Amino acid sequence: MRVILTTKPAVLFAASLLLLTAGCGFSGSGTNTEEAPVASSAATVALTAPAAPGTPSVPAAAPSVSSAPPSSAGSITASGQAGVIMPDWQVVKRLPQAEAWSGIPADAVTVSVERLEDFTAGIAITFYTLPGDEDYVYADLGTATAHYSLGSVGTYNYRKPEDLSAAGVSAFNSRILKITGGLGANLALSSYYKIDEAGVPAGILLVDTGHTREADIDRDGTAEVISAHGTPMTAYVYRWHDGYAEEAYINDALQADSVVLREDLIFEASDLGESEVTEYRFTPEGLTRQHP
């Protein structure tokens with residue numbers, strides 16, 4: 001069968017041009033989509049605990065959502081300096097809370113009490129459980145004149161004194177309070193608070209991405225917070241920037257399955273099934289290869 005075209009060549013040419021432009025994305029509708037942020041790899045079950053019975057006016061210190069501005073972040077690709085990888089810094093949105101209250105309920109079971117003299121006002125942290133509640137461990141911060149509910153600080157399965165700790169640590173160019181509880185096997189929940197001269201706490205950082213340590217990872221004279229967890233190992237760095245805590249997922253920045261922080265503060269990055277390990281140093285500018 002023959003098909004006879006009777007349309008004029010000029011009309012055919014115009015129709016073909018319209019089809020081509022419509023199929024090549026020239027209509028002005030771009031594909032500018034944002035990448036989804038990296039999700040936390042850790043459980044957050046202890047962050048939404050109900051309020052302690054008998055204290056209806058005080059929530060169980062579920063973490064607040066920071067009103068911080070958008071991230072000051074760089075990109076995951078190399079920065080302007082040759083060989084420097086800039087982590088994608090994101091503002092930490094979930095913060096621990098502290099609410100003034102009358103003190104722990106009379107029927108609470110005290111797990112342990114830790115008294116700290118690291119701050120101008122001496123404080124005492126009381127870890128406790130509640131009858132009928134087999135989900136969470138709670139904490140109270142007491143001063144000479146007031147009490148503050150810190151809400152849930154860990155899960156009930158990790159309610160032994162050795163599973164819970166309170167300490168004054170140096171990070172973010174300040175002396176701050178660190179509360180640590182258990183979330184699961186080899187997984188911790190760390191809550192950080194600034195304490196003013198009267199002993200009033202203010203939550204500044206909540207970390208559920210692994211066990212934490214404080215160290216001057218970028219060697220600028222101020223300690224950051226670093227967390228690590230899992231197999232393969234994941235690593236996060238937390239810094240204080242423009243009045244807010246920010247986090248960077250180091251595995252993502254290095255495009256590596258496993259990232260391990262050595263005692264000498266050098267990151268070792270590797271991929272599953274590969275024997276090659278690449279060393280990186282963390283600097284204020286970004287990550288650089290230790291032996292390029």
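What you see is a predicted model; the values in this text were computed from it and never measured.
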Supply the atom-to-atom distance [X] [atom1] to [Y] [atom2], rounded to the nearest 0.5 angstrom.
{"X": "Thr155", "Y": "Tyr136", "atom1": "OG1", "atom2": "OH", "value": "9.0 Å"}
{"X": "Ile195", "Y": "Phe119", "atom1": "CD1", "atom2": "CZ", "value": "5.0 Å"}
{"X": "Thr222", "Y": "Ile217", "atom1": "OG1", "atom2": "CD1", "value": "13.5 Å"}
{"X": "Asp118", "Y": "Ser170", "atom1": "CG", "atom2": "OG", "value": "8.5 Å"}
{"X": "Trp101", "Y": "Leu141", "atom1": "CH2", "atom2": "CG", "value": "11.5 Å"}

Handout entry: Ion pair Arg262/Glu279, N-O distance below 4.0 Å
Key = yes
Taking all non-hydrogen atoms of both residues into account, name the closest pair between [X] and [Y] and its distance.
{"X": "Ile123", "Y": "Thr143", "value": "CG2-CG2, 4.0 Å"}
{"X": "Leu189", "Y": "Gly154", "value": "CD2-N, 4.4 Å"}
{"X": "Tyr158", "Y": "Gly184", "value": "OH-C, 3.1 Å"}
{"X": "Arg94", "Y": "Leu206", "value": "O-CB, 3.6 Å"}
{"X": "Tyr238", "Y": "Glu224", "value": "O-CB, 3.2 Å"}
{"X": "Trp240", "Y": "Ile204", "value": "CZ3-CB, 3.8 Å"}

Practice task
Show the numbers, then the answer: is there a side chain to side chain contact (heavy atoms under 4.5 Å, CB included) between Lys194 and Ser174?
Solution key: CA-CA 8 Å; Lys194 284 190 174 181; Ser174 300; 4.0 Å; yes
Any side-chain to backbone donor/acceptor pair from [X] onto [Y]? Under 3.5 Å, distance only.
{"X": "His229", "Y": "Asn186", "value": "yes"}
{"X": "Glu114", "Y": "Ala166", "value": "yes"}
{"X": "Arg281", "Y": "Arg289", "value": "no"}
{"X": "Thr288", "Y": "Val84", "value": "no"}
{"X": "Asp216", "Y": "Gly221", "value": "yes"}
{"X": "Asp257", "Y": "Leu272", "value": "yes"}
{"X": "Asn251", "Y": "Ala235", "value": "yes"}

Practice task
Give the cluster check for Leu265 versus Ile85: same hydrophobic cluster or not, with ILVMFWY residues linked at side-chain heavy-atom distances below 4.5 Å.
Solution key: yes
Problem - Residues, nucleotides or ligands: over 12 heavy atoms within 6.0 Å of Arg219 CZ - result: yes
Exercise for the section: Using a cut-off of 6.0 Å, state whether more than 12 heavy atoms not belonging to Glu276 lie near its atom CD. Expected result: no
All side chain to side chain contact (heavy atoms under 4.5 Å, CB included) counterparts of [X], not counting sequence neighbours:
{"X": "Thr180", "value": "Ser165, Lys178, Ala188, Ser190"}
{"X": "Arg159", "value": "Thr129, Val137, Tyr156"}
{"X": "Ala256", "value": "Leu254, Val259, Ala269, Asp271"}

Exercise for the section: Determine the interplanar angle of the Tyr236 and Tyr249 rings, folded into 0 to 90°, and report it as parallel if under 30°, tilted if 30 to 60°, perpendicular if over 60°. Expected result: parallel
Are [X] and [Y] side-chain neighbours, meaning at least one heavy-atom pair lies under 4.5 Å?
{"X": "Ile179", "Y": "Ile125", "result": "yes"}
{"X": "Lys160", "Y": "Val111", "result": "no"}
{"X": "Gln97", "Y": "Tyr193", "result": "no"}
{"X": "Val225", "Y": "Phe172", "result": "yes"}
{"X": "Val92", "Y": "Leu205", "result": "yes"}
{"X": "Leu130", "Y": "Val109", "result": "no"}
{"X": "Pro87", "Y": "Phe282", "result": "yes"}
{"X": "Thr234", "Y": "Ile250", "result": "no"}

Exercise for the section: Just jot down the side chain to side chain donor-acceptor pair (under 3.5 Å) partners of Glu274, sequence neighbours excluded, or say none. Expected result: none
Exercise for the section: Could you list the residues that satisfy side chain to side chain donor-acceptor pair (under 3.5 Å) with Thr283, not counting sequence neighbours? Expected result: Glu285
Exercise for the section: Consider only side-chain N and O atoms of Ser227 and Thr209, and report whether a donor and an acceptor are under 3.5 Å apart. Expected result: yes
Problem - Test log, rule side chain to side chain contact (heavy atoms under 4.5 Å, CB included), inputs Thr110 and Ile104 - result: CA-CA 9 Å; Thr110 299; Ile104 66 175; 4.2 Å; yes
Practice task
Hydrophobic side-chain clustering at under 4.5 Å (ILVMFWY, transitive links): who's grouped with Met233? Put none if nobody.
Solution key: Val260
